[in-house]
Number of protein chains: 2
Amino acid sequence: MTRTIEQLSEAERADALDTLPDWDYDEARDAITRSIVFTDFAEAFGFMTQVALLAERADHHPEWTNVWNRVEILLTTHDAGGLSALDVELATAIDSILGG
Amino acid sequence: MTRTIEQLSEAERADALDTLPDWDYDEARDAITRSIVFTDFAEAFGFMTQVALLAERADHHPEWTNVWNRVEILLTTHDAGGLSALDVELATAIDSILGG
């Protein structure tokens with residue numbers, strides 16, 4: 001499988017962010033973040049399990065925090081030194097899980 | 001089920017920490033924390049799934065962060081305003097999963 005792990009250019013990033021309105025850009029990390037509030041822990045962790053399987057399949061993993069019904073996700077690509085197409089793909093897949 | 005959700009006294013906390021040598025006390029949060037490094041994401045998330053089931057059964061949940069093979073856990077009891085017996089029980093159960 002060929003993988004693109006180059007950091008996105010500023011123009012590519014702007015285009016990507018246009019397709020991901022639920023994500024915020026974290027300039028300090030060159031990352032994107034999304035916070036989601038679920039009904040309860042079971043729903044939050046169920047979502048995390050779906051994302052974990054996607055992430056493992058893509059071999060690209062989130063940085064994330066869970067506090068009961070809340071999940072905070074940060075996506076960046078260490079190997080690329082910042083945001084890459086892998087993050088955009090994972091964010092898009094996460095949005096699909098969330099019905100976004 | 002009867003549940004103790006009172007904040008531990010200083011003496012109770014000291015006794016509890018003696019039984020949890022792998023946990024650090026976070027004074028600012030009146031919480032205990034433990035960081036664990038696994039081989040990879042699959043192992044880290046497998047552990048989280050075990051903890052999630054325990055936590056759900058106990059109706060007492062961790063605050064936690066995962067970055068690939070690392071998991072950082074913080075336990076405190078919001079309803080008690082700090083560390084309670086519920087945290088000590090969950091920490092002990094987590095140690096058992098980890099073989100500690």
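Every chain is numbered from 1 and lettered A, B, ... according to where its sequence line falls, protein lines coming before strand lines.
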Should [X] and [Y] be regarded as members of a common hydrophobic cluster, given that ILVMFWY residues are connected when their side-chain heavy atoms come within less than 4.5 Å of each other, either directly or indirectly?
X	Y	answer
Phe47(B)	Leu53(A)	no
Leu90(A)	Val71(A)	yes
Met48(B)	Leu74(B)	no
Leu17(B)	Leu98(B)	yes

Practice task
Applying side chain to side chain contact (heavy atoms under 4.5 Å, CB included) between Trp68(A) and each of Glu63(B), His78(B), His61(B), report the one that passes.
Solution key: His61(B)
Completion exercise
With chain A, the option among Asn66(B), Val67(B), Asp40(B), Thr65(B) that has the most non-hydrogen atom pairs under 4.5 Å is Asn66(B)
Handout entry: Atom pair OG1/CZ of Thr49(B) and Phe45(A) - distance to nearest 0.5 Å
Key = 4.0 Å
